[in-house]
Protein chains: 2
Amino acid sequence: MRRDIFQAIADPTRRAILVLVAVQAMTPNAIAEHFDIRRQSISKHLRILSECDLLVPRQEGREIFYELKIDKMKEIDTWLDQFRKIMEESFKQLDEVLFTIKNKKK
Amino acid sequence: MRRDIFQAIADPTRRAILVLVAVQAMTPNAIAEHFDIRRQSISKHLRILSECDLLVPRQEGREIFYELKIDKMKEIDTWLDQFRKIMEESFKQLDEVLFTIKNKKK
DNA sequence: TATACGTGCAACCGTTCGGCTGCGCAAATT
DNA sequence: AATTTGCGCAGCCGAACGGTTGCACGTATA
């Protein structure tokens, strides 16, 4: 059973849940009202999101409020950093090429 | 057949391919050398990545170089922006609360 | 021209995914 | 004490996933 953030956010329903919960912590029932899906299926999604630490359940009586763990979202951002760096490097090389051309013209 | 960026980067092999190709455009064979997977399977991944515009094929004789389309990566970043904004709002509200407490103390 | 090479496509197969229903359990309400 | 409510778990099922093999086709090389 693969269970990483990228697999978690691959599903559109789960992405929508994350957005919902980002605004304020919500219970499974409250979340389910926003979708055309049975509560149990939402529960499955919440389980997956919790398992990879994107959500944290907070019990309150017989209700469970799921809260977004924003820090975990940063991991996606960190992954994107690689490409930002690589691209930066590419531009540096491009700059060098342009610089060389410039000098040749002299 | 779902086919969006998030589903594309859900697979670890595809993420690795993106990193490889980010450094320099590569052919399917060259990419396949980095994995314990048949060339045809890599081709499948390249097809998926191309279909959602993360990669662009450039034919050169009988070889095909796949190049990263960095712009498409920004879409992920754009999605993350929602959360950055929401969190910013939360902090503002927190600031207000703290401000109110502060004033009450006076 | 015949052969080797680089590639994509089609068909197959076991596993995973994402819905569903039915159930049991604990907390709240009556 | 009995009932309602909120929830998670287990099992089912069709579809999608990610690997495989075999093949066809265009391009380079002998």
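Keep in mind that the numbers below use all heavy atoms, side chains included, and drop hydrogens, waters and symmetry copies. Since the structure is predicted, the reported quantities are computational estimates derived from the model, not experimental observations. The sequence lines fix the lettering, A, B, ..., with proteins before strands; numbering per chain opens at 1.
Shown for residues 59-67 of chain A: residues whose heavy atoms fall under 4.0 angstrom of DNA chain D, namely Arg62(A), Glu63(A), Ile64(A), Tyr66(A). The stretch residues 20-39 of chain B comes close to DNA chain D through Ile37(B), Arg38(B), each having a heavy atom under 4.0 Å from the strand.
Sorted pairs that involve residues 16-43 of chain B and meet side chain to side chain donor-acceptor pair (under 3.5 Å), not counting sequence neighbours, are lacking altogether.
Linking Ile, Leu, Val, Met, Phe, Trp and Tyr whenever their side-chain heavy atoms come within less than 4.5 Å puts Ile37(A) and Leu18(A) in one cluster.
Across every non-hydrogen atom of Ile86(A) and Ala22(B), the tightest pair is CG2-O, 3.4 Å. Taking both residues in full, the closest heavy atoms of Leu54(A) and Leu68(A) are given as O-CD1, 3.4 Å, listed atom of the first, atom of the second, then distance.
Following rounding to the nearest Å, Leu55(B) (CG) and dT7(C) (P) show an atom-to-atom distance of 14 Å. We find that CD1 of Ile42(A) is positioned 9 Å from P of dC20(C), with the value rounded to whole Å. The nearest whole Å value for the distance from the CZ atom in Arg58(B) to the P atom in dG6(C) is 17 Å. Whole-Å rounding puts the Gln7(A) CD to dA16(D) P distance at 17 Å. Spacing between atom CZ of Arg14(A) and atom P of dC17(C) amounts to 8 Å, rounded to whole angstrom units. The separation between Ile17(B) atom CD1 and dG18(D) atom C1' is 12 Å, rounded to whole Å. Rounding to whole angstrom units, NE2 of residue His45(A) and C1' of dC9(D) are separated by 16 Å. Atoms CG (Leu49(A)) and P (dC17(C)) sit 13 Å apart, rounded to a whole Å.
For Ser43(A) and dG8(D), the shortest distance from a side-chain N or O to OP1 or OP2 is below 4.0 Å.
In this structure, CZ in Phe6(A) is found 10.5 Å from CZ in Phe6(B), a value given to the nearest 0.5 Å. Taking CD of Glu51(B) as the reference point, atom CD of Gln7(B) lies at 10.0 Å (rounded to 0.5 Å). Note: His45(B) NE2 to Asp11(B) CG = 4.5 Å, rounded to the nearest 0.5 Å.
With Arg15(B) contributing its side chain and Ala10(B) its backbone, the two residues share a donor-acceptor pair below 3.5 Å.
Look at Asp77(A) and Lys74(A) and you find no salt bridge, because none of the NZ, NE, NH1 or NH2 atoms lies under 4.0 Å from a carboxylate O.
Both Gln40(B) and Lys44(B) lie close to DNA chain D; mapped to their nearest nucleotides by heavy-atom distance, the more 5′-ward contact belongs to Lys44(B).
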